[in-house]
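Order of listing sets the numbers, starting from 1, for every ligand and every atom in it. Numbers here are sequence positions counted from 1.
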Amino acid sequence: MKFQTKAIHTPYPRKDAYGALAMPVYHCCAYEFPDHQAMIDSFTQQSDDPDYSRVTNPTVINLEGIIRNLADAKEVVAFSSGMAAISAAVMAVAAAGKRIVTSKHLFGNTFLLLTRTLKRFGVETVLVDLTNPEEVKAALTPDTCCIYLETITNPQMEVADVRVLSELAHSVGAALIADTTMIPFLYVDSRSLGIDVEILSSTKYLSGGATSLGGIVIDYGSIEGFSDALRKDLLMNLGAYMTPHAAYMQTLGLETLDARYSVQEANALNIALELSERDDIEVCYPGLPDNPYHTLCRDQYGGRFGCMLTLTLPSEEACFRFIDELQLVKRATNLFDNKTLAIHPHSTIFGTIDRETRSRMDVSERLIRLSIGLEDAEDILADLNRAIDMAVGKNE
Ligand SMILES: *Cc1c(COP(=O)(O)O)cnc(C)c1O
């Protein structure tokens with residue numbers, strides 16, 4: 001079966017008593033057992049009977065099973081948010097005295113998790129340029145537990161060579177952990193790129209129109225003991241399992257993911273091409289043929305480029321004006337909603353990080369991030385062009 005069919009027809013783990021065509025939402029905390037032996041078997045993981053919904057729930061298990069089938073993975077665990085998934089995956093390999101090698105271009109909370117939260121527990125994070133193999137190599141030590149990367153960095157839109165990073169990580173026995181939120185996992189052959197563990201914020205593409213928070217960890221089975229650490233240690237002890245309601249929404253989202261993504265990506269390219277005709281702004285989108293990461297992105301990520309693009313305006317004031325002038329496009333964070341969203345990352349997502357660090361992270365005050373939605377591209381373009389005209393002082 002092709003992925004679009006699998007996304008819809010992967011069977012439930014157990015036959016539904018009523019033959020329901022949508023996986024029911026099991027809104028319950030605990031499960032009854034027929035006898036003591038069934039109880040023992042469940043609690044000691046000798047059976048897959050659910051015992052308690054913090055660690056196993058039929059609706060969530062169903063979503064995990066579909067993703068496992070689609071990704072051909074060893075194990076998939078669903079968490080309550082992307083950050084919960086990232087925390088658990090990183091903590092499954094890290095320990096006091098271990099080193100994480102990653103980019104200075106990171107999602108804001110991942111940056112703070114690694115450089116602030118985990119630092120308090122003795123984990124050292126080294127920030128390098130992941131597009132420079134020599135610099136990465138120089139940062140690797142026998143204590144390195146992982147190289148952590150984002151497939152397209154947000155908002156710098158940088159793409160590193162994943163195969164090179166995989167070889168470097170494996171040369172010191174470390175894992176390659178990738179946040180693949182920017183391009184749906186359906187299209188990317190992570191295993192052949194040498195990614196050991198994939199994480200995605202399912203809040204984004206999967207949730208189907210920004211309906212619910214979630215995070216997914218996909219384990220390809222190449223790191224010994226990883227899935228045990230993830231499910232039996234971190235999931236149970238940190239307690240951040242996905243809720244059954246979110247799993248229900250995201251199962252529906254997964255069924256329409258390919259259809260939605262195809263339209264959003266076509267919109268993104270169309271809008272990037274149109275806006276790059278303007279000489280008063282700069283447009284960054286890896287789908288543009290003259291983008292420096294175009295070829296690498298296309299070759300690594302199944303010819304997909306995502307639905308996020310950035311605009312560089314003449315000044316921070318112009319950015320603020322642009323944001324205020326928008327009429328159709330929503331002033332909001334988040335990515336891959338059905339609605340087109342715009343944000344000025346420097347003053348918002350990165351607003352509590354000191355100026356110097358922001359500049360070190362290359363978060364420019366002249367940058368606008370757009371997440372292109374499912375509206376008609378002409379309507380989106382009309383709103384963007386009008387707001388840009390106002391922002392740069394045309395039409396006044
Ligand atoms: C949104 C996002 C996250 C965090 O996910 P949440 O679901 O908001 O916790 C992590 N990484 C990337 C690249 C994201 O876009």
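- By the 3.5 Å distance cut-off applied to N or O atoms, T110 is not counted among the residues near ligand 1.
- For S315 (side chain) and A318 (main-chain N/O), a donor-acceptor pair under 3.5 Å exists by modelled atom type.
- Atom 5 (O) of ligand 1 has as its closest protein heavy atom S201 OG, 3.0 Å.
- Judged by distance alone, the side chain of E378 and the main-chain N or O of D376 form no donor-acceptor pair under 3.5 Å.
- Side chain of T203 to main chain of G214: a donor-acceptor pair is present (N/O by atom type, distance under 3.5 Å, no hydrogens or angles).
- No close placement of the H344 and F322 rings is indicated, their centers lying 6.0 Å or farther apart.
- Applying the 4.0 Å criterion to heavy atoms of I86 picks out, from ligand 1, the atoms 10 (C).
- Within the structure, side-chain hydrogen bond (donor to acceptor under 3.5 Å, both in side chains) contacts touching residues 109-127 (residues at least two apart or in different chains) are R99-E124.
- Residue-ligand proximity, G82 to ligand 1, at heavy-atom distances under 4.0 Å covers atoms 5 (O), 6 (P), 7 (O), 9 (O).
- Counting heavy atoms only, D179 comes closest to atom 11 (N) of ligand 1 of the residues I199, D179, L200, T333.
- Using a 4.0 Å cut-off to heavy atoms of L335, the atoms of ligand 1 that qualify are 15 (O).
- Atom 1 (C) of ligand 1 has K204 NZ, 1.4 Å as its closest protein atom, hydrogens excluded (heavy atom only).
- For atom 9 (O) of ligand 1, the closest heavy atom belonging to the protein is M83 N, 2.8 Å.
- Residues S371 and F336 approach most closely at OG-N, 2.7 Å, considering heavy atoms.
- Taking a cut-off of under 4.0 Å to the non-hydrogen atoms of G214, the atoms of ligand 1 that pass are 7 (O).
- Relative to the six-membered ring of Y187, R304 meets both conditions, a distance below 6.0 Å and an angle of at most 45° to the axis.
- The residues R231 and E75 are annotated as salt-bridged, a charged nitrogen and a carboxylate oxygen being separated by less than 4.0 angstrom.
- At least one N or O atom of T203 sits closer than 3.5 Å to an N or O atom of ligand 1.
- The single protein non-hydrogen atom nearest to atom 4 (C) of ligand 1 is F107 CE2, 3.4 Å, given as residue, atom name and distance.
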